[in-house]
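First comes the structure, then the notes that go with it.
Residue numbers start at 1 and run along the sequence shown. Owing to the predicted nature of the structure, the values given are computational and were not obtained by experimental measurement.
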Amino acid sequence: QVQLVESGGGLVQPGGSLRLSCAAPGFPIDYYSIAWFRQAPGKEREGVSCISSSDGSTNYVDSVKGRFTISRDNAKNTVYLQMNSLKPEDTAIYYCAADTWNPYYCSGYGPERFDYWGQGTQVTVSS
């Protein structure tokens, strides 16, 4: 069973920054397009950002554009989500997931596309 592993969450004040990591021991994460999702209490899970495996192209949900940056380090088999200018509404559990329907390009955030998920990391933005 493939298990992605997220880390880097925590408590931060509004305006602060965090960097989340998504690692996959023994799993070729560089082969897959990887997305970050988040789920706030009482809300549905939403796709936040995605990075393609083929050309490194990225996309972001409008609410995080200009504040979040997704990147990958294939040598370290890790995908990152740099989150700056954090807002209380960014509070959620953040998950990374691998797109197995189209591993090469980001093609949407329908959860059925993603067979491999991590356990999530909590991000809390509060003063």
Side-chain angles (χ1 to χ4, degrees):
Q1 181 73 20
V2 175
Q3 180 75 53
L4 306 183
V5 180
E6 302 95 338
S7 61
L11 173 65
V12 63
Q13 293 186 342
S17 298
L18 285 173
R19 189 178 77 158
L20 305 184
S21 298
C22 174
F27 176 76
I29 201 171
D30 58 338
Y31 179 76
Y32 294 93
S33 295
I34 301 295
W36 285 96
F37 292 78
R38 65 185 179 186
Q39 187 165 20
K43 294 188 177 181
E44 293 188 355
R45 190 173 297 188
E46 67 165 343
V48 173
S49 182
C50 183
I51 185 165
S52 296
S53 63
S54 58
D55 60 3
S57 57
T58 60
N59 60 54
Y60 301 89
V61 67
D62 285 347
S63 59
V64 307
K65 283 181 180 177
R67 300 189 298 121
F68 290 12
T69 302
I70 191 171
S71 62
R72 64 196 309 154
D73 185 338
N74 289 337
K76 295 184 178 180
N77 208 37
T78 301
V79 172
Y80 303 99
L81 186 68
Q82 178 67 44
M83 305 187 297
N84 298 330
S85 302
L86 282 161
K87 304 175 181 180
E89 51 264 43
D90 295 318
T91 295
I93 300 175
Y94 284 71
Y95 303 87
C96 62
D99 187 343
T100 53
W101 281 24
N102 183 352
Y104 308 113
Y105 293 98
C106 295
S107 304
Y109 295 104
E112 67 281 357
R113 307 182 58 87
F114 297 85
D115 281 339
Y116 305 129
W117 292 81
Q119 80 291 346
T121 186
Q122 176 70 49
V123 171
T124 303
V125 185
S126 174
S127 56

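Residues N59 and C106 share a closest heavy-atom pair of ND2-CB, 3.5 Å. Contact detail for P25 and V5: the closest heavy-atom pair is CD-CG2, 4.4 Å. Residues C96 and I34 approach most closely at CB-CG2, 4.4 Å, considering heavy atoms. In terms of heavy-atom proximity, Y104 sits nearest to S33 at C-OG, 3.3 Å. The minimum heavy-atom distance between S17 and N84, with the atom names listed, is OG-OD1, 2.9 Å. Of all the heavy atoms in I29 and R72, the pair that sits closest is O-NH2, 2.7 Å.
Judged by distance alone, with hydrogens and angles left aside, the side-chain atoms of R67 form a donor-acceptor pair with the main-chain N or O of S85 at under 3.5 Å. A side-chain donor-acceptor contact under 3.5 Å links T100 to the backbone of R113. When atom types are taken as modelled, the side chain of W101 and the backbone of E112 share a donor-acceptor pair closer than 3.5 angstrom. Although no hydrogens or angles enter the test, the distance criterion places a donor-acceptor pair under 3.5 Å between the side chain of T91 and the main chain of V125. Judged purely by atom type and a 3.5 angstrom limit, Q3 uses its side chain to pair as donor or acceptor with the backbone of W117. Remark: side-chain polar atoms of E6 are not paired, donor with acceptor, to backbone N or O of L20 under 3.5 angstrom. Under a 3.5 Å cut-off, the side chain of T58 and the backbone N or O of C50 do not form any donor-acceptor pair. Between the side chain of N77 and the backbone N or O of A24 there is at least one donor-acceptor pair closer than 3.5 Å. Using modelled atom types, one side-chain atom of S53 and one backbone atom of Y31 make a donor-acceptor pair closer than 3.5 Å.
In the hydrophobic clustering of this structure, Y94 groups with I70; members are Ile, Leu, Val, Met, Phe, Trp, Tyr whose side-chain heavy atoms approach within less than 4.5 Å, directly or through other members. A single hydrophobic cluster is seen to contain both L81 and V61, as judged by linkage of ILVMFWY side chains at heavy-atom distances under 4.5 Å, directly or through other members. Residues L18 and I51 are members of one and the same hydrophobic cluster, defined by side-chain heavy-atom contacts under 4.5 angstrom among Ile, Leu, Val, Met, Phe, Trp and Tyr. Following chains of ILVMFWY side-chain contacts shorter than 4.5 Å, one cannot reach V12 starting from Y80, and the two form parts of different hydrophobic clusters.
To the nearest 0.5 Å, atom CE of residue M83 and atom CZ of residue R19 are 11.5 Å apart. Between atom CG of residue L4 and atom OG of residue S21 there is a gap of 12.5 Å, rounded to the nearest 0.5 Å.
Ring-centre distance between F68 and Y60: not below the 6.0 Å cut-off.
In the model, D115 has no side-chain atom that pairs as donor or acceptor with a side-chain atom of Y32 under 3.5 Å. A donor atom on one side chain and an acceptor atom on the other are found under 3.5 Å apart for S57 and S52.
The only option from V123, V64, I93 that meets the side chain to side chain contact (heavy atoms under 4.5 Å, CB included) definition with R38 turns out to be V64.
Under the 4.0 Å criterion applied to side-chain N and carboxylate O atoms, K87 and D90 are not assigned as salt-bridge partners.
Relative ring orientation between F37 and Y109 is described as perpendicular, the plane-to-plane angle rising above 60° on a 0-90° scale split at 30° and 60°.
Counting heavy-atom neighbours within 6.0 Å of E44 CD, excluding the residue itself, gives a total of 12 or less.
Within the 4.5 Å cutoff, the side chain of D99 has no heavy atoms near those of the Y105 side chain.
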